[in-house]
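Working notes, structure below.
In what follows, chains are A, B, ... by sequence order, proteins preceding strands, each numbered from 1. This structure is a prediction, so every number in the text was calculated from the model and none was measured.
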Amino acid sequence: MTKLFEKFRRFNEKYYFIFVIFLFILAIVVNYSLQANFFKASVLRGFAKSVLPVAMLAAGEAFVIIGGGIDLSNGAIVSLVNCVIVYLFGVTGNTNLSVWWVVLIGIMAGMMAGLVNGILVAYLRLQAFVATFASSFLFAGLALLILPQPQGNVPSLLNTIYRGNFLGINFPIWVLILTLVIWLLLKSSRFGKSLFATGGDAKSAFLSGVKVPRVSMMTYVIAGLFSALCAVVVTMSMGTGDPLIGDSLNMNSIVAVVLGGTLMSGGRGGIFGTILGSAIIIMIRQIISFANVPTWWQQFVYGVIVMLILAGPGISLLIQRKHYDRN
Amino acid sequence: MSKTTFSAKNVVKHFGGVTALSDGNIEIASGEVVALLGANGSGKSTLSKALTGVVVPNSGQLLRNEKPMNFSSPLDAKNYGIASVYQELSLIPRMTIAENIWLMHEPTRGTFVNQKELFNRTADLLDLFKGTISASIRPDSYVYHLGSDERQIVEILKAYSLKPSLLILDEATASLDNKQVDRLFSLIENWKKEEIAIEFISHRLEEVFRIADKVTVLRNGKTVAYSIPIVDIKRNDLVRYMVGEKSLAKEHELYSQERLTKEKTAISIHGLRGINLRGISVDVKEGEILGLGGLRGQGQSEMLLSIFGAIQHSGKIEINGKLVTFTNPKQAINQGIAFVPGDRNSQGLFSIRSILENLMLPSWEKYGTVIRMKAAVQDAEKISKSLNLVMGGLNDPVSSLSGGNAQKVVVGKWLLKSPKILLLDDPTKGVDVGAKDELYQLLYRLREQGTTILFYSSEDDELLNLCDRIVVFYDGQINAVLTGEDINKNTLVSTSMSSQLIGAEVEAK
């Protein structure tokens, strides 16, 4: 019996994402039982649109967490980039700048914000938790300065792209596929190895010749990039600017990363799981609303479900041990 | 390949106010093995780390073929052809063996890592130790599944994979068993032919005499012997260089066998099973030092941890004739059992807390609910004096102590508690000769107080010198019990190696 559990534990360690896939399928089944038209193309398309911003933000967060850090400011970066983009469109949606330039500048702004985080954490050696919490106020404050209240319009081109199809697959799916491809390439590059090494054991990584500060800084820049991409997506779908849009997004992105099997302590995880984690979060929301949970209970039920899921692996370990003791 | 000579000249390094190295010198030419010796805290790790770029010296020169090398990180040192096996290992548990070995010099195809090549090259490297490591180890095994000996081997292969001109082996044999050490030494002979310069650090003098061509000795941060050919030096002289004239290790008094038969049984173990344990039965007398011998990882540590209630097990354990079942260490401690772990850094000490707190941790309750601090401090002072602790003050953090002194704290904290049974899990790993000796004295003192000691060591000599009886482990079972004249190196080694050998031995008798 001992051997069997040991085997199970090893299997669990090696194929940690199996738990996520199981949850993902379970969520789909429950969702389908409550919402009969779940598999209709238009419903799925809508679903992909709700997943996309969460997945983008969580993908960036995953890089940071795998590298051994944490980013509490990514929601604020979303607000900032959203406001920068809308501001550059001249609030009315008419500007001399081309749409692409505006988007590019927005993305650069996000990466700059990430760079600030990266320098604080990797080179000034501030605690990631404290540094990014503090910088989140900086970015949120900047967003409010740029755009004091929700306002503005964006060119219709952006919305057209957002609703568009290419080869019969709609825009959000394309973005997710692209993100995954980039992740797989990065993962099998030398940067990928040094990322996992840095998160796994920074000291050993340093002794092995990994440029630890640079890698850790890069993760924050990448997080900034993905936060900006999230902001672009949000701007495309809302078509307006809101300085508080990102406020509630940060914790969700962290939950998505953890649900996806990435270790909070770093060194293990990936973007595939993170995207599944984001999808699971959205599905739980849908399930709660389709199950006719009274509005004032929804937040509570959501909390309980997420808590149970996150505790799942630990509880199963406890049960295994109980079982072992009895033998 | 042409000859390359690496040297360090008059290297000085301060850490804060402490001078770790005041005059470090060493010279290693390609094709030779130079042993760097010294007691713990003599600065040999610091000197080696200066050569690998981990530590940046305050002054002094690092030379390659008489030309200065400038570097400030392991990456720079790597570019000069210097690779090191680090004492504390530089492996990342959640990565595979292959990923660890080739980290930052992976075989690539374009910008991507060539997975197949990575796997094959790693398999070739692992083949070097074929037969001495478990056959189930593959290049894509995760490092956290490996035992400490296998991790050590991966670390060695990782350094070798860099094709270095200078290879530094810092305590590379500390976790290896005899067979693995033999294999490593035959590999080193080959590497010498490949014109690799090798710096060898070990606490085991017999290894130094086996493999080194020259020795350099550090004492208190100063070079006291420089590149002396090994053939020109005797073991005793070497020890004298290391510890100075004053405190040479004494011959240990042997415990009389008659007394053992009189003493009553302190702990009786019957049919102990669990992880790595396949039915262990043994009785230990009061005041006895029982050695647990055998190759590394045959269940010795697991037996100690089981008795301590730290891991799950089945079987009967009786203490003073009373059946006990411990499911956690607290229960064991309440019954007067103490445990000294081998990995003092992660298991035995709270290194940022003060020496006082560490010494007092098991015995605070003796001083009342509101702690009578004065009495506690007095007792701690008494203990630290009797331990010969070299320290700034009781309120200094344990991290300020050298390895040997820190280990004395780990053992010493049980003195106040006078445990009935003391379990030691390879306590002298990486501890220098002087501190070891003091540790032995400590054990003798505990025994005088009636403490029963179960002692596992990876060093055979230590078991032979210290123990009244040795049980030899093999694959989770007791392979042989050595008493009296059988306590000698030949019997211990041959009974450690395999179960068949014993059969042969018994027949011969």
Side-chain angles (χ1 to χ4, degrees), chain A residues 1-3 5-7 9-16 66-68 181-215 261-270 320-327, chain B residues 49 52-54 71 73-79 82-96 98-115 118 140-145 151 155 158-159 161-162 170 273-277 311-314 325 327:
Chain A
M1 225 43 191
T2 332
K3 278 241 167 79
F5 280 120
E6 181 59 20
K7 259 195 184 151
R9 202 182 62 78
R10 286 192 176 201
F11 182 83
N12 226 356
E13 276 280 355
K14 197 161 181 182
Y15 302 100
Y16 60 89
I66 292 170
V181 170
I182 292 172
W183 164 247
L184 289 177
L185 293 180
L186 260 183
K187 199 180 155 188
S188 54
S189 73
R190 211 166 259 179
F191 173 76
K193 301 286 176 203
S194 52
L195 171 68
F196 280 95
T198 301
D201 186 336
K203 196 180 158 216
S204 292
F206 170 71
L207 290 178
S208 312
V210 176
K211 290 172 178 156
V212 172
R214 188 143 93 189
V215 171
T262 298
L263 272 189
M264 275 305 272
S265 51
R268 189 190 84 183
Q320 281 169 38
R321 250 179 88 176
K322 274 271 159 57
H323 203 100
Y324 181 82
D325 282 348
R326 253 183 273 132
N327 282 295
Chain B
K49 281 181 176 164
T52 55
V54 178
F71 46 67
S73 81
L75 191 60
D76 300 334
K78 226 164 153 179
N79 295 334
I82 300 172
S84 178
V85 168
Y86 293 98
Q87 196 179 342
E88 62 270 38
L89 302 191
S90 67
L91 303 177
I92 290 139
R94 285 191 186 278
M95 294 176 83
T96 64
E99 287 173 328
N100 264 293
I101 289 182
W102 297 97
L103 186 60
M104 297 322 279
H105 56 286
E106 297 92 348
T108 51
R109 200 191 286 140
T111 42
F112 303 113
V113 176
N114 185 340
Q115 296 292 346
L118 184 71
D140 55 358
S141 305
Y142 281 90
V143 165
Y144 59 80
H145 289 323
R151 287 184 194 210
E155 176 85 9
K158 178 178 172 181
S161 74
L162 286 158
D170 189 354
R273 286 172 176 276
I275 302 158
N276 257 349
L277 293 174
I311 56 175
Q312 280 110 10
H313 58 271
S314 64
T325 36
T327 51

Output the distance between atom [atom1] ([X]) and atom [atom2] ([Y]), rounded to the nearest 0.5 Å.
X       : Y       : atom1 : atom2 : answer
R190(A) : T111(B) : CZ    : OG1   : 10.5 Å
L263(A) : R94(B)  : CG    : CZ    : 4.5 Å
S194(A) : M104(B) : OG    : CE    : 4.5 Å

(message) Which heavy atom of G209(A) sits nearest to which heavy atom of K78(B), and what is that distance?
(response) CA-NZ, 4.2 Å
(message) Which heavy atom of D201(A) sits nearest to which heavy atom of L91(B), and what is that distance?
(response) OD2-O, 4.0 Å
(request) Flag the pair L185(A) / F112(B) as yes when at least one side-chain heavy-atom distance between them is below 4.5 Å, and no otherwise. (result) yes
(request) Go through A197(A), A205(A), G199(A) and name the one with the most non-hydrogen pairs under 4.5 angstrom from chain B. (result) A197(A)
(request) Against chain B, label F206(A) side chain, backbone, both or neither, depending on which of its atoms sit under 4.5 Å from a heavy atom there. (result) both
(message) The criterion is side-chain contact (heavy atoms from CB on, under 4.5 Å); which residues satisfy it with S90(B), sequence neighbours excluded?
(response) S204(A), L207(A), S208(A), Y86(B), E155(B), K158(B)
(request) Using a strict 4.0 Å threshold on nitrogen-to-oxygen distance, state whether E106(B) and K193(A) make a salt bridge. (result) no
(message) Between L162(B) and chain A, with a heavy-atom cut-off of 4.5 Å, which part of the residue counts as in contact: side chain, backbone, both or neither?
(response) neither
